[in-house]
Amino acid sequence: MKTMETIYQEMKALYADVTGVAPADGGDIELRLYTAAAQLYSLWEQSEFVLRQSLPQTAVGQYLEYHGAVRGVTRRAAAHAVGTLRFSLEQAAGRDTAIPVGTTCTDAVGAAFETTQAGSIPAGALFCDVPARAVQPGSGGNVPAERVTYMVLAPAGVFSCTNPAAFTDGSDGESDESLRGRVLETYRRLPNGANIAYYETQALNVDGVTAASVMPKHRGVGTVDVVIASETGVPSQTLIAAVQAKLEQQREICVDLKVLAPQTKAVNVTVSVTAAEGFDADAVMQAVSQALTAYFSGALLGQPVLRAKLGSIIYGVKGVENYALTVPSADVTAAADTLPVLGSLRVTKAG
């Protein structure tokens with residue numbers, strides 16, 4: 001694309017060629033030409049912008065969402081992590097202890113979680129579990145078990161809180177590149193309301209679903225099984241129910257459709273790392289551990305775990321000079337309904 005200066009110089013040259021007189025420096029004609037060049041450049045920029053937004057390959061933001069809407073693909077919004085909060089008494093009480101809806105607890109770094117239903121600790125009992133979700137949507141709400149231990153405002157009589165199981169299903173809003181990939185996939189695999197691509201597209205439109213595998217006739221003629229994964233891996237029953245409800249409204253007539261969680265396949269990883277000169281070896285090893293852990297997400301549903309990919313992740317960590325990957329000793333395959341998950345992870349210093 002031409003710059004404004006290029007347009008300006010071309011206009012000056014054309015004026016001199018047509019009139020036989022070059023515009024004087026700082027003169028009225030030169031000022032007029034410069035002003036016109038600025039406006040032409042603005043129009044050029046606008047036309048380039050319109051051209052980029054007219055194609056799904058280059059559109060961004062809301063304009064990419066318009067392309068998705070035409071293909072029945074919607075951007076997944078950020079989803080709240082869901083789980084359970086356990087509230088405990090120091091000693092059993094003679095009456096029920098109320099846990100109001102909206103009771104908020106946090107973990108050590110300040111991630112907040114709130115109860116989504118009212119609950120109560122029955123008389124004579126020491127604790128109760130109450131459904132809860134992260135206050136803010138996004139993957140930051142996915143925390144391990146027993147991390148949420150602080151109460152913002154403790155209900156009367158409640159001594160402590162925790163989360164007996166991990167909070168899961170939190171996911172960040174879908175990026176343009178992810179949405180673009182799904183939109184373009186609908187051109188390569190045309191959904192027709194009854195094929196694999198259709199069910200996959202509809203499942204992936206549900207907030208919190210990271211990957212989906214569709215298996216027709218999995219339980220016999222007239223059946224369709226849809227296996228889904230969330231960003232953290234195995235989806236919650238809440239997410240499974242949401243996808244089931246959506247697909248029940250859109251499935252073919254006389255089709256027995258079931259939404260399922262994936263089978264899991266543990267993949268152990270052992271690697272020794274050589275840190276580059278000037279880098280702290282322990283910090284590099286920790287960064288490698290974090291990168292490998294992040295790789296094992298729900299996006300791996302039905303995908304193989306390739307040694308080459310693991311090596312690329314390891315070598316891509318800043319400060320890694322060399323590495324030796326000993327486990328797995330070969331690529332790990334996975335069926336369409338299987339999710340590879342990280343088993344044991346051992347990162348050591350080479351030598």
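Side-chain atoms of T97 never come within 3.5 Å of backbone atoms of G157 as a donor-acceptor pair (strictly under, hydrogens ignored). No side-chain donor-acceptor contact under 3.5 Å links T115 to the backbone of P131. Put simply, the side chain of Q244 gets close to the backbone of V259: a donor and an acceptor are under 3.5 Å apart. Between the side chain of T264 and the backbone N or O of P262, no donor-acceptor pair lies under 3.5 Å. Remark: the backbone N or O of P122 is not paired with any side-chain donor or acceptor of S120 at under 3.5 angstrom. Judged by distance alone, the side chain of N142 and the main-chain N or O of E231 form no donor-acceptor pair under 3.5 Å. A donor-acceptor pair is defined here as one N or O able to donate and one able to accept, closer than 3.5 Å; no such pair exists between the side chain of S312 and the backbone of A308. When atom types are taken as modelled, the side chain of T293 and the backbone of S289 share a donor-acceptor pair closer than 3.5 angstrom.
Of all non-hydrogen atoms in R76 and V209, the two that sit nearest each other are NE-O, 2.9 Å. In plain terms, the two heavy atoms of T103 and L153 that are nearest each other are CG2-O, 4.4 Å. Across L204 and A212, no two heavy atoms sit closer than the pair CD2-N, 4.0 Å. Minimum heavy-atom separation, G141 to A134: CA-CB, 4.0 Å. In plain terms, the two heavy atoms of A77 and D207 that are nearest each other are N-OD1, 2.9 Å. A197 and R189 get closest at one heavy-atom pair: CB-O, 3.6 Å.
In this structure, L33 and Y15 have side chains that are in contact, with non-hydrogen atoms separated by less than 4.5 Å. Annotation: side chain of F113 is in contact with side chain of V143 (closest heavy-atom distance under 4.5 Å). At least one side-chain heavy atom of L85 sits under 4.5 Å from a side-chain heavy atom of F167. Within the 4.5 Å cutoff, side-chain heavy atoms of V320 are placed close to those of V284. The shortest side-chain heavy-atom distance between I121 and D96 does not fall under the 4.5 Å cut-off. The side-chain heavy atoms of V224 and R251, taken from C-beta on, include no pair separated by under 4.5 Å. When side chains are defined from C-beta on, T232 does not count as touching S139, because their heavy atoms never get closer than 4.5 Å. Between E321 and F279, the closest side-chain pair of non-hydrogen atoms is not below 4.5 Å.
Under the 4.5 Å side-chain heavy-atom criterion for grouping Ile, Leu, Val, Met, Phe, Trp and Tyr, L301 is connected to V267 within one hydrophobic cluster. Both V332 and I313 belong to a common hydrophobic cluster when Ile, Leu, Val, Met, Phe, Trp and Tyr are linked at side-chain heavy-atom distances under 4.5 angstrom. Linking ILVMFWY residues whenever their side-chain heavy atoms come closer than 4.5 Å, directly or via other members, places L292 and Y315 in the same cluster. Note: the hydrophobic cluster containing L184 does not contain Y66 (ILVMFWY, side chain heavy atoms under 4.5 Å, direct or indirect links). A continuous path of ILVMFWY side-chain contacts below 4.5 Å connects I196 to I228, so both sit in one hydrophobic cluster.
Here the CG atom belonging to N195 is positioned 8.5 Å from the CD atom belonging to E252, to the nearest 0.5 angstrom. To the nearest 0.5 Å, atom OG1 of residue T106 and atom CE of residue M151 are 10.0 Å apart. A distance of 8.0 Å separates CZ in R86 from OG1 in T162, rounded to the nearest 0.5 Å. Summarising the geometry, atom CG belonging to L300 is positioned 12.0 Å from atom OG1 belonging to T338; distances are rounded to the nearest 0.5 Å. For the atom pair CD (E177) and CZ (R180), the distance works out to 4.5 Å, reported to the nearest 0.5 Å. Between the SG atom of C128 and the CG atom of L89 there is a distance of 8.0 Å, given to the nearest 0.5 Å.
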(request) Test side-chain contact (heavy atoms from CB on, under 4.5 Å) on Y8 and E5 and set out the steps. (result) CA-CA 5 Å; Y8 173 54; E5 183 63 25; 4.0 Å; yes
(request) Step by step, work out the side-chain contact (heavy atoms from CB on, under 4.5 Å) result for V101 and E114. (result) CA-CA 8 Å; V101 64; E114 61 183 3; over 6 Å; no
(request) Apply side-chain contact (heavy atoms from CB on, under 4.5 Å) to F87 and C105, showing your working. (result) CA-CA 10 Å; F87 297 91; C105 304; 3.7 Å; yes
(message) Under the criterion side-chain contact (heavy atoms from CB on, under 4.5 Å), I'd like the reasoning laid out for V60 against Q53: C-alpha separation, chi angles, the key distance, then a yes or no.
(response) CA-CA 7 Å; V60 296; Q53 307 314 319; 3.8 Å; yes
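Under 3.5 Å, the side chains of Y34 and E30 contain no donor-acceptor pair of N or O atoms. For the residue pair Q202 and Y198, no side-chain donor N or O sits within less than 3.5 Å of a side-chain acceptor on the partner. Side-chain polar atoms of D337 and S213 form no donor-acceptor pair below 3.5 angstrom. Side-chain polar atoms of D169 and S230 form a donor-acceptor pair below 3.5 angstrom. Side chains of S344 and N268: a donor-acceptor N/O pair is present below 3.5 angstrom, by distance only. T6 and T3 share a donor-acceptor pair across their side chains, judged by distance under 3.5 Å alone.
Atom CZ of R52 sits in a crowded spot, with more than 12 heavy atoms from other residues, nucleotides or ligands closer than 6.0 Å. Environment of CD in E146: sparse, with no more than 12 heavy atoms of neighbouring residues, nucleotides or ligands closer than 6.0 Å. For E10, the CD atom sits in a packed shell: over 12 heavy atoms of surrounding residues, nucleotides or ligands are nearer than 6.0 Å.
For an aromatic pair to be called close, the ring centres must be under 6.0 Å apart, and Y63 with F49 satisfies this.
Here the options are L310, D331, V269, L342, the test is side chain to side chain contact (heavy atoms under 4.5 Å, CB included), and the partner is V305; only L310 passes. The only option from K258, K217, R219 that meets the side chain to side chain donor-acceptor pair (under 3.5 Å) definition with D225 turns out to be R219. When each of T326, V347, T348 is tested with T270 by the rule side chain to side chain contact (heavy atoms under 4.5 Å, CB included), just one qualifies, namely T326.
Salt-bridge annotation for R147 and D107: absent, with no side-chain N of the basic residue lying under 4.0 Å from a carboxylate O of the acidic one. Comment: R75 engages E65 in a salt bridge, judged by a side-chain N to carboxylate O separation of less than 4.0 angstrom. The pair R182-E185 does not count as a salt bridge, with every side-chain nitrogen at least 4.0 angstrom from each carboxylate oxygen.
A cation-pi geometry, defined here as NZ or CZ lying under 6.0 Å from the six-membered ring centre and within 45° of its normal, holds between R71 and Y187.
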